[in-house]
Amino acid sequence: MKLHSVGMSLIALVLVAAVAEAQTPSVGRASRITGDQLSSAQAPGGPVRKLAEGDSLFAGERIRTGAGTVLQIEFTDKSRFTLGPNTEFEVERYFQGPGGSGEEAFHSRVLKGAFRYVSGLIARNKRQNVRITVAVATIGIRGTHFEGEVTERQEKGGKTVDASAKVALLEPEGSDAGNAIVVENKFGSVVIDKPGFGTEIPDEKSPPSPVRRMQLNTIDNLLRVLRTPARTGGPARRP
């Protein structure tokens with residue numbers, strides 16, 4: 001009798017968890033996975049789940065890509081993140097109100113790796129509520145298209161090497177206007193409003209560098225990471 005009660009209680013807990021997950025709104029989906037197709041999502045304290053194309057993603061999940069994988073995420077507001085190999089990314093907060101309610105918000109964090117971002121409806125309706133954080137700075141947007149590369153703090157040769165980041169503005173997609181980003185930390189800030197220009201934060205104690213035209217090899221390297229050809233399939237299509 002007691003075993004029966006315990007079994008019924010476990011089934012009830014599983015059902016409650018399933019219902020709670022079903023009621024949690026998805027923020028987007030894994031729209032394209034190329035290369036080795038090794039990517040995963042993990043909610044705090046939850047199991048790791050392998051991602052396949054079309055899988056839903058949820059706020060609070062830590063998303064990781066493998067060494068030979070490029071993952072594109074399309075959010076419900078039509079914004080897109082493309083994550084390069086060995087990248088870790090998290091959606092901290094996401095809310096898209098009905099009919100542009102003014103309460104929209106999209107806060108995300110890139111912990112390491114290369115990424116590209118294309119803005120969507122939330123940025124157009126409430127751009128001040130869109131924020132992308134990296135280890136050494138915060139990026140505010142005005143409806144735009146940009147990419148970056150982030151390194152995490154690490155130990156090398158017995159010494160601690162600070163996190164760093166590079167960010168470059170790209171040509172806007174379609175008819176997007178107001179193509180610009182603000183990159184800031186507690187040491188300073190810069191506004192980047194010309195495609196092909198960018199900034200670098202070399203460590204955790206420095207402001208963003210003065211805006212400059214990024215060297216072609218820097219931008220090419222970022223693009224190359226995001227377009228890595230598939231190692232087990234055909235070449236990745238351009239996002």
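These values consider heavy atoms only, across backbone and side chains, with no hydrogens, waters or symmetry-generated copies. Since we're looking at a predicted model, the values are computed, not measured.
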Walk me through it: do Leu51 and Leu57 pass the test side-chain contact (heavy atoms from CB on, under 4.5 Å)? CA-CA 9 Å; Leu51 292 176; Leu57 298 169; 3.6 Å; yes
Trace of the side-chain contact (heavy atoms from CB on, under 4.5 Å) decision for Thr138 with Asn185: CA-CA 6 Å; Thr138 297; Asn185 59 23; over 6 Å; no
Show your working on side-chain contact (heavy atoms from CB on, under 4.5 Å) between Glu61 and Arg49 and close with a plain yes or no. CA-CA 10 Å; Glu61 289 188 311; Arg49 60 187 181 97; 3.1 Å; yes
Could you walk me through whether Val110 and Thr133 pass side-chain contact (heavy atoms from CB on, under 4.5 Å), step by step? CA-CA 6 Å; Val110 181; Thr133 302; over 6 Å; no
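For the atom pair Phe197 CZ and Ile192 CD1, the distance stands at 10.5 Å (nearest 0.5 Å). Interatomic distance, Arg131 CZ to Phe106 CZ, rounded to the nearest 0.5 Å: 12.0 Å. Between the CZ atom in Arg32 and the CD atom in Gln37 there is a gap of 11.0 Å [rounded to 0.5 Å]. To the nearest 0.5 angstrom, Ser31 atom OG is 4.0 Å from Gln72 atom CD. Taking CD from Glu184 and NZ from Lys186, the interatomic distance works out to 13.5 Å, rounded to the nearest 0.5 Å. Residue Gln42 holds its CD atom at 5.5 Å from CZ of Arg64, rounded to the nearest 0.5 Å.
Ring geometry, Phe81 versus Phe75: the interplanar angle exceeds 60°, so the pair is classed perpendicular (tilted spans 30 to 60°). In this structure, Tyr117 and Phe146 have tilted ring planes: the angle between them lies in the 30° to 60° band.
With contacts defined as side-chain heavy-atom distances shorter than 4.5 Å, the pair Leu170/Arg116 qualifies. Here the side chains of Glu200 and Ser209 are in contact, with some heavy-atom distance below 4.5 Å. Between Thr76 and Val27, every side-chain heavy-atom pair lies at or beyond the 4.5 Å cut-off. Here the side chains of Phe95 and Asn129 are not in contact, with every heavy-atom distance at 4.5 Å or above. Between Thr65 and Val70, the closest side-chain pair of non-hydrogen atoms is not below 4.5 Å. Annotation: side chain of Arg29 is in contact with side chain of Glu74 (closest heavy-atom distance under 4.5 Å). The shortest side-chain heavy-atom distance between Val150 and Leu111 does not fall under the 4.5 Å cut-off. Counting only heavy atoms from C-beta outward, the side chains of Thr82 and Leu71 never approach each other to under 4.5 Å.
Around the NZ atom of Lys205, the shell of radius 6.0 Å holds more than 12 heavy atoms that belong to other residues, nucleotides or ligands.
In this structure, Ser164 and Val136 approach most closely via the heavy-atom pair C-CG2, 3.9 Å. Of all the heavy atoms in Ser56 and Ser26, the pair that sits closest is CB-OG, 3.6 Å. Arg124 approaches Ser119 most closely through the heavy-atom pair NH2-O, 4.3 Å. Taking every heavy atom of both residues into account, Ile201 and Ser206 meet most closely at CG2-O, 3.5 Å. Here the closest non-hydrogen pair linking Ile122 and Glu104 is CG2-CB, 3.7 Å. Ser39 approaches Thr69 most closely through the heavy-atom pair CB-CG2, 4.4 Å.
With hydrogens and angles disregarded, a donor-acceptor distance shorter than 3.5 Å links the side chain of Glu53 to the backbone of Ile33. Checking side-chain atoms of His145 against main-chain N and O of Glu171 turns up a donor-acceptor pair under 3.5 Å.
The residues Glu90 and Arg62 are annotated as salt-bridged, a charged nitrogen and a carboxylate oxygen being separated by less than 4.0 angstrom. Ionic pairing of Arg153 and Glu204 is present here: one or more N-O contacts between side-chain nitrogen and carboxylate oxygen are shorter than 4.0 angstrom. Remark: Glu92 engages Arg109 in a salt bridge, criterion side-chain N to carboxylate O under 4.0 Å.
Asn86 pairs by the side chain to side chain contact (heavy atoms under 4.5 Å, CB included) definition with Ala67, not counting sequence neighbours.
Both Ile181 and Val211 sit in one connected hydrophobic cluster of ILVMFWY residues. Membership requires side-chain heavy atoms under 4.5 Å apart, directly or through other members.
Glu155 and Thr160 share a side-chain donor-acceptor pair at under 3.5 Å.
Put simply, the residue from Thr199, Val182, Val167 that forms a side chain to side chain contact (heavy atoms under 4.5 Å, CB included) with Ile139 is Val167.
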